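Report on one structure; see the data block that follows.
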Amino acid sequence: MRRIHVGNALSAFGLGFTVPYLYVYVAQVRGLGSVTAGLVLAVFAVAALIVLPFAGRAIVRRGPLPVLLAALVTAALGALSLGLSASAATVLSSAAALGAGQAVMQPALATMIVDCSPSETRSRAFATQFFLQNLGLGVGGLIGGHLVDTSSAASFTLLFAIEAAMFLVLVAVMATVRTPRAPRMEEAPGQSAGGSWKQLLGNRAMVQLCVLGFVLFFACYGQFESGLSAYGVEAAGISTSTLGTALAANTLVIVVAQFAVLRFVERRKRSRVIAAVGLIWAVAWAVAGYAGLGHGSQAMATAAFISTYALFGLGEALLSPTVAPLVADLAPAGLAGQYNSAFALVKQLALAIGPAVGGPLGASLHAPYIVAFLLFSLGITVLAVRLGRQLTDVQNQPSLARSRVVTQSGAPAESVAAAEA
């Protein structure tokens, strides 16, 4: 598990090096224009949507580790090629390789966490993963920002080479991992590729969780660097430096609050925690509405806008030990990779559609934008309550399983076991 967490941190660190500077690199440094730069960002999403359905099947059949190693090598080649590319064709093909590799890493690492953690500690394991991802992205972005020079293509080549090196270091680290042997698809009689997808779609709780996940990622992550930032600049008069401060506040809240809220989350029903996140994000959108539509001073608008990102961070800290472990607990034995990949696919769809919808709304239709996403946040609360009705008591609140080991109907565990025998 320690190696897996190191892997999460290293991959996030490498991505933090380059992702914030992709647009500038393609459009300005390589002189390929804003259209090509926009296509590069679109290629990331398209590549993920193409490979994720196949990644789930590969993880189920081969195990997560071989799939992860292949994804890391692909991403390393894509990153290195991107740093050396000077034409639109090579930039786009390199971005496709990097995007595909990056997308497959997520469900592979998540499945390894599932294989290495019992349900009792799974929330803490995923909370640690999220904490390290945000820390790695933040540190990588900070260091990368001091290395880049828009007048020098060589500085960006160095940046992408460091990212590729991080992925290869991660290959060496993960190659030493020996995970507990989980059941694979070929060991489960009567199951096929079509059958496993049919089984997944027949799981009402999983389908409802995917719908909920789409709204979560669409209404939050899909707006950070598109609609919400455009709204802040156009409606609230926020400077680009303040946008950076707001994103830093979001990361800081996650890093500080992650383990502080974990004990609270572990003792509550998961559906209620997600419902609470919807209410927190509704408040965040209301505060954003004040920042851009209120009549306060510029200082008050700036403070409100930064607070919006901080409130989103609090909601993210509550979600990380809740949603991913729930996906794992809903998956039948041997199908964790399939379920993780399906949920990652839903996430990528939301992240692809979110900016396309939110960007134009946030830039021009300020009041409708705030009202629409405030309603989306309240919809999260409604969907979470409905999801809770589809979950078993233990799926919704894993701590009940631990309490039932100690006592059942007031009887000691040993006597209960003897009576059942």
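This is a predicted model, so every value here is computed, not measured.
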Would you say the ring centers of [X] and [Y] fall short of 6.0 Å from each other?
X      : Y      : value
Tyr221 : Phe312 : no
Tyr231 : Trp285 : no
Phe160 : Phe156 : no

Discussion item. Tell me if the CZ atom of Arg272 is crowded by more than 12 foreign heavy atoms within 6.0 Å.
Written reply: no

Where do [X] and [Y] come nearest, in terms of heavy atoms and distance?
X      : Y      : answer
Ala95  : Val43  : C-CG1, 3.9 Å
Leu69  : Val171 : CD2-O, 3.8 Å
Pro107 : Ser341 : CB-OG, 3.5 Å
Ala367 : Leu293 : CA-CD1, 3.8 Å
Thr381 : Ala275 : OG1-O, 2.8 Å
Leu345 : Pro53  : CD2-CG, 4.1 Å

Please round to the nearest 0.5 Å and tell me the distance separating atom [atom1] of [X] and atom [atom2] of [Y].
X      : Y      : atom1 : atom2 : value
Leu159 : Ser155 : CG    : OG    : 7.5 Å
Leu330 : Gln390 : CG    : CD    : 10.5 Å
Leu52  : Gln106 : CG    : CD    : 7.5 Å
Arg57  : Arg62  : CZ    : CZ    : 11.0 Å
Asn8   : Gln133 : CG    : CD    : 5.0 Å
Phe214 : Ile353 : CZ    : CD1   : 4.0 Å

Answer yes or no: is there a donor N or O on one side and an acceptor on the other, between the side chain of [X] and the main chain of [Y], under 3.5 Å?
X      : Y      : result
Tyr369 : Ser364 : no
Gln223 : Phe218 : yes
Gln397 : Arg267 : yes
Asn396 : Arg270 : yes
Gln298 : Ala236 : yes
Thr322 : Leu318 : yes
Arg30  : Ser85  : yes
Thr308 : Ala288 : yes
Tyr290 : Met300 : no

Worksheet entry | Residue pair Arg3, Thr176: steps toward the side-chain hydrogen bond (donor to acceptor under 3.5 Å, both in side chains) verdict | CA-CA 8 Å; Arg3 287 178 173 86; Thr176 66; 2.8 Å; yes

A side-chain contact here means heavy atoms from C-beta on lying under 4.5 Å apart; do [X] and [Y] qualify?
X      : Y      : value
Leu335 : Val60  : yes
Phe13  : Leu135 : no
Leu391 : Leu326 : yes
Ile274 : Leu212 : yes
Val283 : Leu279 : no
Leu65  : Met174 : yes
Trp281 : Leu216 : yes
Leu98  : Phe167 : yes

Worksheet item: Taking it one step at a time, do Ser320 and Gln258 satisfy side-chain hydrogen bond (donor to acceptor under 3.5 Å, both in side chains)?
Response: CA-CA 8 Å; Ser320 62; Gln258 185 63 84; 2.8 Å; yes

Item to complete: Check the pair Val385 / Ser271 against side-chain contact (heavy atoms from CB on, under 4.5 Å), numbers first and verdict last.
Response: CA-CA 6 Å; Val385 172; Ser271 58; over 6 Å; no

Worksheet item: Are Arg122 and Asp329 close enough for a salt bridge, meaning some N to O gap below 4.0 Å?
Response: yes

Item to complete: Given side-chain contact (heavy atoms from CB on, under 4.5 Å), test Ile113 with Gln129 step by step and report yes or no.
Response: CA-CA 9 Å; Ile113 291 177; Gln129 178 200 34; 3.8 Å; yes

Worksheet item: With sequence neighbours left out, which residue pairs that include part of residues 115-135 fulfil the ring pair (Phe, Tyr, Trp, His ring centres under 6.0 Å) condition?
Response: Phe131-Phe259

Item to complete: Go through the steps to decide whether Phe343 and Tyr339 satisfy the test ring-ring contact (aromatic ring centres under 6.0 Å, His included), and finish with yes or no.
Response: CA-CA 6 Å; Phe343 196 76; Tyr339 277 56; over 10 Å; no

Worksheet entry | Sequence-distant partners of Arg124, salt bridge (Lys or Arg N to Asp or Glu O under 4.0 Å), two or more places apart | Glu266

